[in-house]
Amino acid sequence: MGLLPSFRACLAWALLGLVLGTELSLQESLLLKSLGLSTKPSPKTPVPVPSVLWRIFQKRKMLPSTNKDLGDACRVEEFNVPGNIIRVLTDQGHFIHNGQPPRLLCLQKRLYFNLSALEEGERLTMAQLEIKFSHNSYHPSSRGQVFELRLYQAPQMSLRGMPSQGRAPKLLVERSFAQLRKSLLFNLSGVAKDWRTYSRNLGLILEISVSGGEGASAPTSRGLRSLCASIDSFLDTSLLVVTLSQQQCEASRRRRRSVHHPPVVPSNLCKPRRLYISFSEVGWENWIIAPQGYMANYCLGECPFPLTAELNSTNHAILQTMVHSLDPQGTPQPCCVPVRLSPISILYYDNSDNVVLRHYEDMVVDECGCR
Ligand SMILES: *[C@@H]1O[C@H](CO)[C@@H](O)[C@H](O)[C@H]1NC(C)=O
Ligand SMILES: *[C@@H]1O[C@H](CO)[C@@H](O)[C@H](O)[C@H]1NC(C)=O
Ligand SMILES: *[C@@H]1O[C@H](CO)[C@@H](O)[C@H](O)[C@H]1NC(C)=O
């Protein structure tokens, strides 16, 4: 293509290398690592994307790109907390069947959320438990009976899955509802922070029971069964966790997002060139949910003597072009490289099949310069 060798050297950019198929597996694993993944995820039973993550993803996509920079990159406006990674962890706990359930207890389930997907350096800023039902469970009678929901911190379990002797489960939440809505939310930020620091994560125990209203006669066992039956709409629980990967945020503060796609102006001078990266072309369509691809761009072009201001060069690059013009064999031209990059948000399945919305820095080339 008539490119100078130095230009080709300048193109050693991980994503582009991936597209061109050079040293694919090495590049890929380096890139996955920088995205916080140990290997390429291959979701086995992909869960549906939680609507809250879709909403946030769509909203970010719609924002004018100029609003995306600085503080915004490190804040989740929707929850008003610092963070650049949002995960929805699925529950891996089991129903507890211990023979005859105590009276009035409709549902008893152990909840377990594996937080090991979070990296060491991530600061947890929010954890919200969602308990989902397929429909609202209306109270079938008007006797003032209510559903009671209790959430305990799980104690050490014995082999039979029962709390071991002498360790009472710690009550975290106790609430009464006349009706169970499709979705109940609970703030577990404190508990989840503890799990990451000093206390072991043994999970939670969820109990839903019914209780007779005041002054009401004790519900008959048939009445109880029908009350409990409305809990059959119980679907599942998930834990939404927001974390802040500080490193990335500090990097982003130094940069400002510029704008738009590079203009299509024929020129062989150093400038951004259009490059659309399709995730299916790099074989990532299985685990990246959205976007399907994006305009990543790349830098290409000459850095001739004399360097003009538009080429965003450094003093060093200016001197290097001077030396190059005197001794073309001995000293290469400066490289045409990205000098301003901007972030994008990606929605994907991680190595544990959790759905993650993560803000990634340095994904789009906005400006190039001779360096
Ligand atoms: C949590 O996940 C990690 C890796 O994702 C795994 O090694 C570990 O065994 C899991 N822990 C439990 C209790 O399932
Ligand atoms: C959630 O709980 C933590 C402490 O456990 C508290 O600091 C935080 O403000 C709570 N968040 C909301 C939205 O109430
Ligand atoms: C150099 O930076 C300016 C803005 O600071 C930008 O308009 C221009 O496109 C950049 N040059 C290149 C080659 O990207």
Side-chain angles (χ1 to χ4, degrees), residues 7 10 36-39 41-44 52 66 76-83 87 89-94 110-120 123-130 151 153-154 156-157 170 172-173 185-197 199-204 239-242 255-275 297-304 307-314 317 333-342 349-354 356 364-371:
F7 283 151
C10 297
L37 296 162
S38 52
T39 55
S42 53
K44 283 160 276 305
V52 57
T66 43
V76 181
E77 294 304 331
E78 289 76 4
F79 303 121
N80 195 28
V81 291
R87 292 181 175 83
L89 307 178
T90 49
D91 173 25
Q92 297 168 3
H94 301 284
R110 178 150 186 192
L111 311 181
Y112 181 77
F113 302 99
N114 192 337
L115 292 183
S116 70
L118 278 62
E119 289 159 53
E120 286 273 301
R123 179 160 72 88
L124 189 146
T125 57
M126 175 183 153
Q128 177 181 271
L129 175 74
E130 182 175 16
L151 200 58
Q153 188 132 1
Q156 201 82 42
M157 288 286 171
K170 183 179 159 203
L172 297 172
V173 175
L185 302 175
F186 301 92
N187 177 0
L188 291 189
S189 303
V191 179
K193 274 179 198 162
D194 284 354
W195 283 339
R196 294 195 76 208
T197 50
S199 73
R200 231 179 107 207
N201 175 6
L202 294 169
L204 304 163
L239 189 71
L240 183 145
V241 180
V242 180
R255 287 180 219 108
R256 306 207 120 249
R257 161 104 184 181
S258 76
V259 247
H260 48 248
H261 305 314
V264 193
V265 185
S267 155
N268 58 359
L269 286 184
C270 171
K271 68 184 182 88
R273 316 282 165 159
R274 282 171 187 250
L275 170 68
N297 308 327
Y298 66 97
C299 293
L300 181 70
E302 293 196 52
C303 294
L307 285 179
T308 57
E310 295 77 64
L311 292 174
N312 299 313
S313 37
T314 54
Q333 273 192 343
C335 286
C336 175
V337 294
V339 296
R340 194 167 292 182
L341 297 124
S342 57
Y349 293 106
D350 72 5
N351 296 115
S352 314
D353 289 11
N354 301 311
V356 184
V364 179
V365 173
D366 292 325
E367 287 169 22
C368 303
C370 292
R371 297 291 160 95

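Excluded from the calculations below are hydrogen atoms, water molecules and symmetry mates; all remaining heavy atoms, backbone and side chain alike, are included. Read the numbers this way: they start at 1 and go in the same order the structure lists the ligands and their atoms. Residues take their numbers from the sequence shown, with the count starting at 1.
By the 4.0 Å heavy-atom criterion, Cys270 is counted among the residues contacting ligand 3.
Remark: ligand 3 and Cys368 share an N or O pair separated by less than 3.5 Å (distance only, no angle test). Polar contact with ligand 3: absent for Lys271 (N/O pair, distance under 3.5 Å). Taking any N or O of Asp366, backbone or side chain, none lies under 3.5 Å from an N or O belonging to ligand 3.
Close contacts between ligand 3 and Asn312 involve ligand atoms 1 (C), 2 (O), 3 (C), 8 (C), 10 (C), 11 (N), 12 (C), 14 (O) [criterion: under 4.0 Å to a heavy atom]. Here is the list of ligand 3 atoms found below 4.0 Å of a heavy atom in Glu310: 1 (C), 10 (C), 11 (N), 12 (C), 13 (C). Atoms of ligand 1 lying under 4.0 Å from at least one heavy atom of Ser352, given by number and element, are 5 (O). Every atom of ligand 1 is numbered from 1 in the order shown, and the set under 4.0 Å from a heavy atom of Ser116 is 1 (C), 2 (O), 3 (C), 4 (C), 5 (O).
Distance check for Cys303 and Cys370: the SG atoms are under the 2.5 Å cut-off. Of the two cysteines examined, Cys270 and Cys336, the SG atoms meet the criterion of being under 2.5 Å apart.
For the side chain to side chain contact (heavy atoms under 4.5 Å, CB included) test with Leu129, the passing option among Leu240, Leu111, Asp91, Val173 is Leu111; the others fail.
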Are any protein N/O atoms closer than 3.5 Å to the N/O atoms of ligand 2? If there are, list each pair with names and the distance to one decimal place.
{"from": "ligand 2", "atom 1": "2 (O)", "to": "Asn187", "atom 2": "OD1", "distance (Å)": "3.3"}
{"from": "ligand 2", "atom 1": "2 (O)", "to": "Asn187", "atom 2": "ND2", "distance (Å)": "2.4"}
{"from": "ligand 2", "atom 1": "11 (N)", "to": "Asn187", "atom 2": "ND2", "distance (Å)": "2.8"}
{"from": "ligand 2", "atom 1": "14 (O)", "to": "Asn187", "atom 2": "ND2", "distance (Å)": "3.4"}

Just do the side chain to side chain contact (heavy atoms under 4.5 Å, CB included) check on Leu89 and Leu115 with the steps written out, would you?
-> CA-CA 8 Å; Leu89 307 178; Leu115 292 183; 3.2 Å; yes
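Side-chain contact between Ser342 and Val364: present, with at least one pair of heavy atoms (C-beta onward) separated by less than 4.5 Å. The closest side-chain heavy-atom distance from Trp195 to Gln153 is below 4.5 Å.
Between the CD atom of Glu367 and the CG atom of Asn312 there is a distance of 6.0 Å, given to the nearest 0.5 Å.
Panel note: side chain Ser313, backbone Arg371; no donor-acceptor pair is recorded below 3.5 Å. Here the side chain of Asn351 pairs a donor or acceptor atom with the backbone of Thr39 at under 3.5 angstrom. Looking only at distances, a side-chain donor or acceptor of Asn297 sits under 3.5 Å from a matching main-chain atom of Val365.
In Pro272, the part holding a heavy atom less than 4.0 Å from any atom of ligand 3 is the side chain.
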